[in-house]
Engineer: 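This is the structure I have questions about; it appears just below.
Please read these numbers as outputs of a predicted model, since none were measured by experiment. Quick note on labels: first sequence line is chain A, next is B, and so on, each numbered from 1.
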Amino acid sequence: MFQSHRQVIKPLTTAHLAQTMTLLSLTVGELRQEIDKELSQNPALELIEERHCPMCGRPLQSSGPCPVCSTARSENEEEPVVFISPREDFRYHSDSGESEYDSGEMTSAGDDLPTFVLRQISPELEKDDRKIAAYILLSLDEDGLLAVSIASIAQYFHVPVSRVLEIQKAITHAEPVGVGSVSVKDALLVQLEVLSETQKVPALAYEMIATQMDLISRKHFSEIARNLGVSQRVVEETVHFITENLNPYPARSHWGNHRQPEEANNLVYHEPDIIITQLNDKTDSPLVVEIVLPISGTLRINPLFKSAVQQASEEKKDEWKNDLERASLFVKCLQQRNHTVLRLMKRLVTLQKDYILFGEKFLRPLTRAFFATELDVHESTISRAVSGKTVQLPNRRIVPLEKFFDRSLNIRTVLRDIISEEQHPLSDSELVSILETQGFNVARRTVAKYRAMENILPAHLRQGLSKAA
DNA sequence: CTATGGCACGGATT
DNA sequence: AATCCGTGCCATAG
């Protein structure tokens with residue numbers, strides 16, 4: 001066996017390669033199961049509590065970025081800070097004592113709402129706060145609104161109201177946005193706030209919801225117009241915007257098969273495999289990318305076990321040696337998996353920075369093949385690394401990693417914008433020429449397809465938008 | 001005659 | 001090798 005050149009991680013055997021490949025394609029949830037399994041049946045493997053920063057090797061205290069690295073790294077403004085981040089177990093209902101929780105089918109795809117939300121926010125909560133968050137989430141009514149008062153929660157946990165409010169705020173800002181609000185009004189306000197980060201919203205919407213809520217629900221538009229001193233037409237347009245884009249019952253948009261088929265809001269219930277955040281909310285501050293590792297602590301070979309092998313009886317020795325082999329293989333594969341994902345994300349985030357910060361309009365159509373040559377790995381490696389994984393963006397949206405490789409999302413978004421601002425229903429061929437002026441060359445037929453994807457009606461059915469009363 | 005959706009083909013992507 | 005996607009052609013609706 002030859003080693004042509006020495007790498008950080010060198011592939012040793014075919015078994016190694018095979019396992020690396022399978023580990024690479026696993027999501028955090030699946031990986032957690034895999035590690036649990038390996039840990040329970042291989043005595044040579046050990047999980048030690050203390051953690052070391054994967055970048056600089058210093059021991060880490062709390063979860064989150066290593067202070068040393070992130071500060072040191074952020075000097076380089078071009079590259080995002082990327083690191084592998086150990087995470088505590090997200091499961092809130094079972095204490096760590098019960099480690100296997102019917103681990104067979106505990107995939108993250110079909111979580112209930114509380115679990116789903118908790119997974120999003122738990123990274124930024126202290127351990128004690130997670131309990132409170134879980135309590136809040138379990139106190140929701142079926143619409144996703146809070147069924148008990150904030151004060152009673154504070155009393156229950158013997159903590160100040162302000163702390164509960166802070167946690168509740170985190171919950172309402174998670175997907176589905178507005179969940180956990182105390183009222184429909186609050187839910188709408190939060191949604192509006194989040195929405196305004198990515199698109200422009202009617203100027204009056206906020207004030208209208210905040211002060212005229214009961215009139216809105218009773219559809220007394222003329223009275224609202226009088227109260228706010230604007231024309232009734234403006235009121236109606238704003239209300240239209242509200243009913244179209246906001247959802248008074250956060251939980252229903254995903255759970256109740258209300259309204260549109262779930263195609264429209266293709267939310268995926270996953271804990272994120274990768275979390276992208278921005279430390280300050282400044283748009284120029286570097287992005288922080290965390291590759292989520294589903295265990296807290298460091299996985300390594302148990303040194304005691306290793307030395308014990310020496311003095312083992314003959315028959316045991318072989319078996320134990322085998323365990324040792326497997327353990328080191330497993331650790332190496334795990335490292336390589338993280339290494340690959342890390343390299344990929346580092347490059348991906350720099351290239352798609354505009355998309356991450358400013359929305360889908362700025363998504364660059366990149367292909368997996370491109371990254372394969374870029375990182376000098378096989379295409380299938382990238383495929384494996386991308387498939388099934390999910391990313392949490394700074395705006396808390398959780399999107400599939402595949403979205404980063406959507407070849408037409410940017411055009412579709414521009415198309416959506418054009419249509420939403422059209423004065424007059426534009427036909428497909430007209431849309432083609434408008435897109436052309438913006439640098440997008442697509443065929444007429446393709447525009448039709450994009451419309452279909454975004455479920456936008458054809459031009460002749462699109463007029464009912466702003467009809468005068 | 002114009003606008004749109006269906007089917008199918010070829011090239012790119014996985 | 002299998003799949004996805006953009007596009008051209010044609011039928012149909014208005």
Engineer: Within this structure, what is the CG-CZ distance for the pair A/L215 and A/F221, rounded to the nearest 0.5 Å?
Structural biologist: 10.0 Å
Engineer: Taking only residues two or more places apart in sequence or in another chain, which ones pass side-chain contact (heavy atoms from CB on, under 4.5 Å) with A/D354?
Structural biologist: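 Counting only residues at least two positions away or on another chain, A/D354 forms a side-chain contact (heavy atoms from CB on, under 4.5 Å) with A/F358, A/F362.
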Engineer: Looking at C/dG6, C/dC5, B/dT14, which one has an atom nearest to any side-chain atom of A/T446?
Structural biologist: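 Among C/dG6, C/dC5, B/dT14, the one nearest the side chain of A/T446 is C/dG6.
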Engineer: What residues, two or more places apart in sequence or in another chain, satisfy side chain to side chain donor-acceptor pair (under 3.5 Å) together with A/N410?
Structural biologist: none
Engineer: Using a cut-off of strictly less than 4.0 Å between a heavy atom of the residue and any atom of DNA chain B, enumerate the qualifying residues of residues 361-370 of chain A by number.
Structural biologist: A/T367, A/R368, A/A369
Engineer: Rounded to the nearest Å, what distance is computed from the CG atom of residue A/L409 to the P atom of nucleotide C/dG6?
Structural biologist: 11 Å
Engineer: Using side chain to side chain donor-acceptor pair (under 3.5 Å) as the criterion, list what pairs up with A/K361, not counting sequence neighbours.
Structural biologist: A/D417
Engineer: Expressed as a whole number of angstroms, how long is the span from A/R407:CZ to B/dA12:P?
Structural biologist: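 For the pair A/R407 CZ and B/dA12 P, the rounded distance is 11 Å.
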Engineer: Test of understanding: with side-chain contact (heavy atoms from CB on, under 4.5 Å), list the residues that count as partners of A/E379, not counting sequence neighbours.
Structural biologist: A/A369, A/A372
Engineer: Report the distance from atom CG of A/L192 to atom CG of A/L188, rounding to the nearest 0.5 Å.
Structural biologist: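 These two atoms lie 8.5 Å from each other.
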Engineer: Evaluate A/V391 against A/I275 for side-chain contact (heavy atoms from CB on, under 4.5 Å), listing each step before the verdict.
Structural biologist: CA-CA 6 Å; A/V391 186; A/I275 300 177; over 6 Å; no
Engineer: Rounded at 0.5 Å granularity, tell me how far CZ in A/R326 sits from CD in A/Q41.
Structural biologist: 5.5 Å
Engineer: Do the side-chain N or O atoms of A/Y450 get closer than 4.0 angstrom to the phosphate oxygens (OP1, OP2) of C/dG6?
Structural biologist: yes
Engineer: A/S387 near the nucleic acid: base, sugar-phosphate alone, or nothing, with a heavy-atom cut-off under 4.0 Å?
Structural biologist: nothing
Engineer: Below 3.5 Å between N/O atoms, which protein atoms pair up with nucleotides 1-5 of chain B? Just atom names and distances, please.
Structural biologist:
residue : atom : partner : partner atom : Å
B/dT4   : OP1  : A/A459  : N            : 3.0
B/dT4   : OP2  : A/D428  : N            : 2.8
B/dG5   : OP2  : A/R451  : NH2          : 2.7
B/dG5   : O6   : A/R444  : NH2          : 3.4

Engineer: Got A/T340 and A/Q336 here, is their nearest side-chain heavy-atom distance under 4.5 Å?
Structural biologist: yes
Engineer: Rounded to the nearest angstrom, tell me the gap between atom CE in A/M453 and atom P in C/dC4.
Structural biologist: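 Taking CE of A/M453 and P of C/dC4, I get 12 Å after rounding.
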Engineer: Nearest whole Å is fine: how far is C/dG6 P from A/L435 CG?
Structural biologist: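 Value for this atom pair: 13 Å.
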Engineer: How many Å lie between CD on A/E379 and P on C/dA1, as a whole number?
Structural biologist: 15 Å
